[in-house]
Amino acid sequence: MRPVLADVLAAAQVIAGVADHTPLVPSPYMSGIVGGEFLLKLENMQPIGAFKLRGALNAVAGAQDAAGVTCCSTGNHGRGVAYAARARGLRAVICMSELVPQAKVDGIRALGAEVRIIGRSQDAAQAEAERLVAKDGLTEISPFDDPLVIAGQGTIGLELMAARPDLETLLIPLSGGGLAAGVALAAKTIKPDLRVIGISMDRGAAMYESLRAGHPVEVEEVPSLADSLGGGIGMANRLSFAMCRDLLDDVILVTEEEIYTAMQVLYYEDRIVAEGACVVGIAAVLSGKVAPKGPTATIITGRNLDMAMFTRVVTGQDVILGDKVIKGKTYGT
Ligand SMILES: *Cc1c(COP(=O)(O)O)cnc(C)c1O
């Protein structure tokens, strides 16, 4: 059940030519901050604007003769599944909570998938996906707790280690842990002493709280600049929890204010438009919570953001997230 390096290598064959070999570029600004090389793996350049296409292509390929596929998603997984299902001529029904930004919902509809918006949490969307499995015989593809999804995301680790065998530190945005599990599996099998650190936002960090508790726990889901990192890990988690527990060297939390500043840094210094979820690695370094050693990379996981929100951040305006206000701050002041 638990994927191994051979599964990641097989996934690389499945996604070849569609979702592979994104650029790995240096960030001169961040390199200056850490006093060494700091690299960005640009998964925002994927056809769907996020790395989740890797896992989705691999999982949908494994569900060939299904009546169709369904999933619950904070947005990018749904977009990946919709893209992969369309390519294979399969029906796709994507279940999401009301917290998912409209830009992501629109992106999924544009790929021809059916969209169901259910409740204010991932758990409610999850229940709807399970209902569709029982009622319509659809195959459910978990966003993070599926061996094919984990193996697909792991192909990022293969590419990173092939490009830079000298990498010493890897900073990975962490939510359900499919990305971190797959990438850490691939990269650490190749280089066991690589340091791999997962990073989440400090409000509603399900994997962090679960690792601390020693078992999956539920967290309250709140609006975040890093909306792609929201949601639980599933109380019946089969794979990603144990893999993150065994493979990650550390898990760090960053605040909304730190994410806000890091989004400005990535935009003004590297000229990259990316989601809040992508910059948590940069935020962890800028805040001093992580001191990277040796050549370091982080994964810029996606670009599917709400542009009105993004514009507020990069122009230094206040951002309101539910009952939380992030005080505006002009970049460089
Ligand atoms: C899904 C997602 C993540 C986190 O991936 P997990 O496998 O859930 O840990 C990070 N960034 C973006 C943009 C995502 O869509």
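Note that ligands are numbered from 1 as they come in the structure, with each ligand's atoms numbered from 1 the same way.
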Margin query: For Glu275, which part has a heavy atom under 4.0 Å from ligand 1: side chain, backbone, both, or neither?
Written below: side chain

Next item on the list: Can you pull out the closest protein heavy atom to atom 5 (O) of ligand 1? Residue, atom name and distance to 0.1 Å, please.
Entry: Phe51 CZ, 3.5 Å

Notebook entry, point to check: Should you measure from each heavy atom of Gly176, which atoms of ligand 1 turn up under 4.0 Å away?
Noted result: 6 (P), 8 (O), 9 (O)

Checklist line | Nearest option to atom 4 (C) of ligand 1, as decided by whichever heavy atom of Ala226, Ser175, Gly182 sits closest | finding: Ser175

Note to self: Check the orientation of Tyr267 and Phe310. Use parallel for under 30°, tilted for 30 to 60°, and perpendicular for over 60°.
What the structure shows: perpendicular

Next item on the list: Pull out every atom of ligand 1 sitting under 4.0 Å from any heavy atom of Gly178, numbered as shown with elements.
Entry: 6 (P), 7 (O), 9 (O)

Item checked: Protein residue, atom and distance nearest to atom 14 (C) of ligand 1, heavy-atom basis -> Lys52 NZ, 2.8 Å

Note to self: Quick one about Gln46 and Tyr83 (side-chain donor to acceptor, distance below 3.5 Å, no hydrogens or angles considered), yes or no?
What the structure shows: no

Checklist line | Element-labelled atoms of ligand 1 that are located less than 4.0 Å from some non-hydrogen atom of Asn76 | finding: 13 (C), 14 (C), 15 (O)

Next item on the list: Check each atom of ligand 1 against the heavy atoms of Gly177 and keep those under 4.0 Å away; list them by number with element.
Entry: 6 (P), 7 (O), 8 (O), 9 (O)

Checklist line | Selection from Asp227, Leu229, Leu305, Ile150 by shortest heavy-atom distance to atom 10 (C) of ligand 1 | finding: Leu229

Notebook entry, point to check: Looking only at heavy atoms, what is the nearest atom pair of Pro47 and Arg303, with distance?
Noted result: O-NH2, 4.1 Å

Next item on the list: Write down the atom of Glu159, the atom of Thr22, and the distance for their closest heavy-atom approach.
Entry: OE1-N, 3.6 Å

Item checked: Residue portion contacting ligand 1 (non-hydrogen atoms closer than 4.0 Å) for Met207 -> neither

Item checked: Numbered atoms and elements of ligand 1 in range of Ala277, under 4.0 angstrom, heavy atoms -> 11 (N)

